[in-house]
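Structure, as structure tokens:
Any value given below was found using the heavy atoms of this structure, including those in side chains, with hydrogens, waters and symmetry copies removed. Below, chain A is the first sequence line, B the second, and so on; all start at residue 1.
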Amino acid sequence: MPELPEVETVRASLEPKLVGHRFEAVEILDSRLTRPVDPAEVAAELVGECVAAVDRRGKYLIVRFESGLVLLIHLRMTGTLAHSRNGAASKSHVRAVVRLDDGSDVTYRDVRRFGTWLVLRADELDAYFSARLGLEPLEPGFSAAGLAERLAGRRAPVKAALLDQRTLAGVGNIYADEALWRARIDPRRPAGQLDAREIRVLHRGIRRALEAGIARQGATLRDYRTPDGSSGSMQNEFKVYGRDGEPCLRCGRPIEKTRVGGRGTWFCPGCQR
DNA sequence: CTTTTTCCCTGGACGC
DNA sequence: TGCGTCCAGGGAAAAA
């Protein structure tokens with residue numbers, strides 16, 4: 001499930017393939033992708049557009065065009081983008097295909113069809129994001145003080161607060177568990193109850209968990225792939241995620257699985273307090 | 001206002 | 001082998 005490190009990996013891989021190139025043909029095969037907008041309308045808007053930049057905000061991929069138009073892609077659970085010079089290897093679950101002016105193409109696949117493509121004007125982006133997203137955890141503007149401010153007074157479990165994209169943008173179920181393990185904080189603790197020291201450690205834990213994910217090109221559990229088709233390796237480095245029953249790498253106690261905020265949650269009952 | 005629950009989707013895992 | 005059931009979870013929307 002693509003979270004910030006996975007989306008950043010996709011962005012970095014796609015950027016050199018897209019920038020400076022024109023969308024020569026756009027085929028959208030699943031109307032859910034652009035709902036409620038007609039997919040033919042979206043395809044028509046994108047044809048002829050020349051890519052100026054490929055950016056990321058939280059888990060959103062931002063394809064900026066020279067015209068000032070923007071394509072916002074959210075991969076949700078199972079969306080993948082593949083870039084290829086000789087046609088798509090497999091046709092399964094293909095929801096959209098973009099042919100570039102160099103003859104290569106970008107294929108969007110999505111087994112569960114939760115992903116979305118949205119076309120906006122660049123001047124609409126700020127409003128779109130500020131209604132949905134908090135700070136970027138890897139930007140200099142993300143400070144322990146800023147995190148404290150956003151957690152203050154909240155009674156929800158700290159893990160639920162981290163999953164809330166308005167707290168900070170880009171952390172999902174895997175990296176929330178990994179960050180909380182690094183910070184030695186119990187995911188069930190009320191977010192507003194953490195003291196200043198714990199917030200500082202959590203701030204560092206979030207950054208380190210996300211950086212570790214990016215360094216390993218993300219985590220491939222089943223569907224996620226980089227645009228060249230390779231898998232990430234972060235799944236081999238998980239400290240807690242999916243490790244119930246296995247010993248904690250820090251204190252040896254068996255990792256436990258529970259549910260927090262409706263999500264499967266792994267933590268060490270020995271050293272996460 | 002905040003927090004929780006439900007819904008959208010498909011396919012893999014599992015029990016019988 | 002085949003069927004039914006559960007589970008995975010990001011985010012929007014509804015409910016509490």
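- Whole-Å rounding puts the Arg188(A) CZ to dT3(B) P distance at 18 Å.
- Judged by the 6.0 Å distance and 45° axis criteria, Arg132(A) is positioned over the aromatic ring of Tyr128(A).
- The cluster map of Ile, Leu, Val, Met, Phe, Trp and Tyr, joined by side-chain heavy atoms under 4.5 Å apart, puts Leu69(A) and Leu14(A) in the same cluster.
- Helix bend of the helix from dT2(B)-dA16(C) to dC16(B)-dG2(C): the angle between its two end axes, each built from five pairs, comes to 50° after rounding to 10°.
- In this structure, CZ of Arg166(A) is placed 9 Å from C1' of dT2(B), rounded to the nearest angstrom.
- The distance from atom CZ of Arg109(A) to atom C1' of dG11(B) is 16 Å, rounded to the nearest whole Å.
- Atom CZ of Arg250(A) has more than 12 heavy atoms from other residues, nucleotides or ligands within 6.0 Å.
- Distance, Asp164(A) CG to dT3(B) C1': 10 Å, rounded to whole Å.
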Derivation and outcome, ring-ring contact (aromatic ring centres under 6.0 Å, His included), residues Tyr241(A) and Tyr175(A): CA-CA 8 Å; Tyr241(A) 185 87; Tyr175(A) 293 95; 8.9 Å; no
Determine whether Ser143(A) and His203(A) satisfy the following criterion, side chain to side chain donor-acceptor pair (under 3.5 Å), listing intermediate values before the conclusion. CA-CA 7 Å; Ser143(A) 63; His203(A) 173 258; 5.9 Å; no
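- Counting to the nearest Å, the C1' atom of dG12(B) and the NE2 atom of His93(A) are 12 Å from each other.
- Between Arg154(A) and Asp164(A) there is a salt bridge, since a side-chain N of the basic residue sits under 4.0 Å from a carboxylate O of the acidic one.
- Rounded to an integer number of Å, the gap from CG of Asp223(A) to P of dA13(B) is 12 Å.
- Separation of atoms CH2 (Trp181(A)) and CZ (Arg243(A)) is listed at 8.5 Å; rounding is to 0.5 Å.
- Residues Ser230(A) and Gln217(A) have side chains that never bring a donor and an acceptor to within less than 3.5 angstrom of each other.
- Backbone-only engagement by Lys257(A) is indicated by non-hydrogen atom pairs under 4.0 Å involving sugar-phosphate atoms exclusively.
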Which letters describe nucleotides 9-16 of chain C, given B = protein heavy atom under 4.0 Å from base, S = only from sugar-phosphate, - = neither? BBBS----
